[in-house]
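Just the heavy atoms: all of them, side chains too, but no hydrogens, waters or symmetry mates, feed the values below. Read the numbers this way: they start at 1 and go in the same order the structure lists the ligands and their atoms.
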Amino acid sequence: MNKEPVSRELFDEVMVPNYAPGNIIPVRGEGSRVWDQEGREFLDLQGGIAVTSLGHAHPGLLGALQEQSEKIWHLSNVMTNEPALRLAKTLCDHTFAERVFFANSGAEANEAAFKLARRYAWDHFSPEKHEIISFKNAFHGRTLFTVSVGGQHKYLEGFEPAPGGIHHADFNDLDSVKALISKEKTCAVVIEPIQGESGVVPADPEFLKGLRQLCDDNDALLIFDEVQTGVGRTGHLYAYEMYGVVPDILTSAKGLGGGFPVAAMLTTAKVGASLAVGTHGSTYGGNALACAVAQKVIDTVSQPEILKGVNERSEKLRQGMMAIGERYGVFSEVRGAGLLLGCVLTDQWKGRAKDFLAAGLDEGVMVLVAGADVVRLAPSLIIPETDIDEALERFETAVKKLAQ
Ligand SMILES: *Cc1c(COP(=O)(O)O)cnc(C)c1O
């Protein structure tokens with residue numbers, strides 16, 4: 001096999017052009033540090049977009065993967081599967097859930113959630129009760145159903161006709177939901193407790209409580225898409241705990257596998273019963289390697305000292321970014337929760353989030369954007385505090401040069 005280093009040019013020769021990756025080619029990672037082909041070191045505040053929840057090459061995850069890889073990799077879903085059942089039991093023990101469905105990505109977990117919501121209404125009410133209410137600027141994945149439920153029409157352009165029966169309300173505006181919801185037609189309301197992709201915008205606690213009430217009044221299911229906010233990201237195992245609002249269905253992916261593809265849909269026994277034998281499935285869903293790794297992630301992240309550590313790191317990072325923001329007049333606000341932070345650009349810098357990402361890379365720190373106006377941070381939940389200090393120093397140098 002050819003193991004020569006690859007070049008950025010190869011991307012354009014062999015890949016569909018749906019991504020536009022940068023010129024830096026990371027080849028190795030350890031903890032919150034990453035090295036590229038040339039041996040240049042980066043501090044990683046991207047976390048693979050809220051995925052590598054325990055950093056790179058975490059010894060516990062390596063051990064779990066190695067151990068399972070020597071036993072059995074994959075079983076069909078006609079067999080009973082030890083790692084999948086252990087993980088499902090753990091997820092149920094730690095959350096409101098009583099039933100679990102495994103998938104491989106956030107989009108697939110959401111696809112299962114939306115199908116379940118329709119099927120549940122079909123089982124218990126009527127086929128007319130099939131409408132889904134979601135929110136403008138929401139992001140739920142890229143399958144045709146999930147992208148239709150998502151709230152950015154540009155992602156649907158050229159892919160229509162889209163699935164029907166989907167309405168978009170205004171985030172944090174209960175009246176806009178009231179105007180759309182009905183007992184006869186609405187089967188579910190789906191929301192990200194913190195809108196991630198569109199700018200790290202937290203829901204107001206009162207708004208989520210109001211949604212819960214509206215759903216109850218209209219026999220509609222409340223679905224929390226916690227693909228980005230889940231698995232300790234907000235300093236709670238799942239963000240619904242922070243809000244004190246319990247959904248009927250919750251989807252989890254990204255951080256769940258710490259870098260190994262796995263996703264889960266969590267629900268109650270009553271609702272879950274509607275995905276009866278034969279109604280839904282996934283070949284790789286519940287894969288033994290994936291579940292063994294996710295087990296280690298959940299066992300680690302659910303420890304109170306880890307979650308407490310997320311909040312401590314959050315404060316440090318938030319204050320550091322706010323200080324940089326004030327010194328150079330670049331950020332008006334740092335919002336979000338735990339280690340999902342959005343640094344909102346001031347009017348003067350609006351639209352230039354990408355420049356901050358590029359400037360960071362030049363100084364050896366990897367940050368993310370969320371839309372054009374927000375610099376997003378989603379580092380490892382156990383990033384060493386000294387790495388936060390160093391990342392802030394490097395980022396300050398980047399901002400200083402940019403602002404010159
Ligand atoms: C990333 C994301 C998804 C999609 O997850 P994939 O694994 O890319 O399919 C869905 N919902 C939210 C909130 C996300 O952040």
Side-chain angles (χ1 to χ4, degrees), residues 16 18-19 21 46-53 101-117 132-152 155-156 159 166 168 171-172 188-203 208 211 222-234 236 238-240 242-243 247 249-266 282 284-287 290 293-294 297 335-342 368-371 374 376-379 381:
V16 158
N18 62 318
Y19 304 118
Q46 291 185 346
I49 314 194
V51 166
T52 46
S53 42
F101 169 78
F102 288 119
N104 317 289
S105 66
E108 283 171 275
N110 284 331
E111 184 86 15
F114 304 158
K115 282 179 71 179
L116 171 57
I132 295 172
I133 297 173
S134 67
F135 293 90
K136 289 173 190 159
N137 296 322
F139 185 78
H140 299 298
R142 299 294 201 133
T143 66
L144 194 53
F145 197 177
T146 56
V147 86
S148 306
V149 173
Q152 291 207 54
Y155 292 138
L156 250 185
F159 298 119
I166 299 161
H168 296 96
F171 195 72
N172 278 334
V189 176
V190 55
I191 188 162
E192 298 159 85
I194 300 174
Q195 285 193 334
E197 294 308 303
S198 66
V200 192
V201 188
L208 286 191
L211 275 189
L222 181 60
I223 304 173
F224 279 3
D225 178 346
E226 293 226 32
V227 169
Q228 192 153 160
T229 55
V231 195
R233 184 57 46 195
T234 64
H236 300 260
Y238 286 97
Y240 81 86
M242 172 173 85
Y243 281 101
I249 303 177
L250 179 153
T251 54
S252 183
K254 291 202 164 94
L256 182 59
F260 204 98
V262 59
M265 179 193 72
L266 314 183
S282 161
Y284 263 119
N287 172 268
V293 175
V297 172
R335 65 192 177 201
L339 288 171
L340 179 59
L341 297 176
L368 291 165
V369 304
V374 175
R376 175 173 39 159
L377 308 174
L381 305 181

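Atom NE2 of residue His140 and atom CG of residue Asn110 lie 6.5 Å apart, to the nearest 0.5 angstrom. To the nearest 0.5 angstrom, Asp225 atom CG is 8.5 Å from Leu250 atom CG. Atom CZ of Arg233 and atom CD of Glu226 lie 12.5 Å apart (nearest 0.5 Å).
Within a 6.0 Å radius of OH in Tyr284, no more than 12 heavy atoms belonging to other residues, nucleotides or ligands are found.
In this view, Ala113 and Ile223, Ile249, Thr251, Met265 satisfy the side chain to side chain contact (heavy atoms under 4.5 Å, CB included) rule, not counting sequence neighbours.
Residues Tyr240 and Phe224 place their aromatic rings such that the two centres sit no closer than 6.0 Å.
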Check ligand 1 against the protein and report each N/O to N/O distance under 3.5 Å, formatted as atom name, atom name, distance.
| unit_1 | atom_1 | unit_2 | atom_2 | d |
| --- | --- | --- | --- | --- |
| ligand 1 | 7 (O) | Gly106 | N | 2.8 |
| ligand 1 | 9 (O) | Gly106 | N | 3.3 |
| ligand 1 | 9 (O) | Ala107 | N | 2.8 |
| ligand 1 | 11 (N) | Phe139 | O | 3.3 |
| ligand 1 | 11 (N) | Asp225 | OD1 | 3.3 |
| ligand 1 | 11 (N) | Asp225 | OD2 | 2.7 |
| ligand 1 | 15 (O) | Gln228 | NE2 | 2.7 |
| ligand 1 | 15 (O) | Lys254 | NZ | 2.6 |

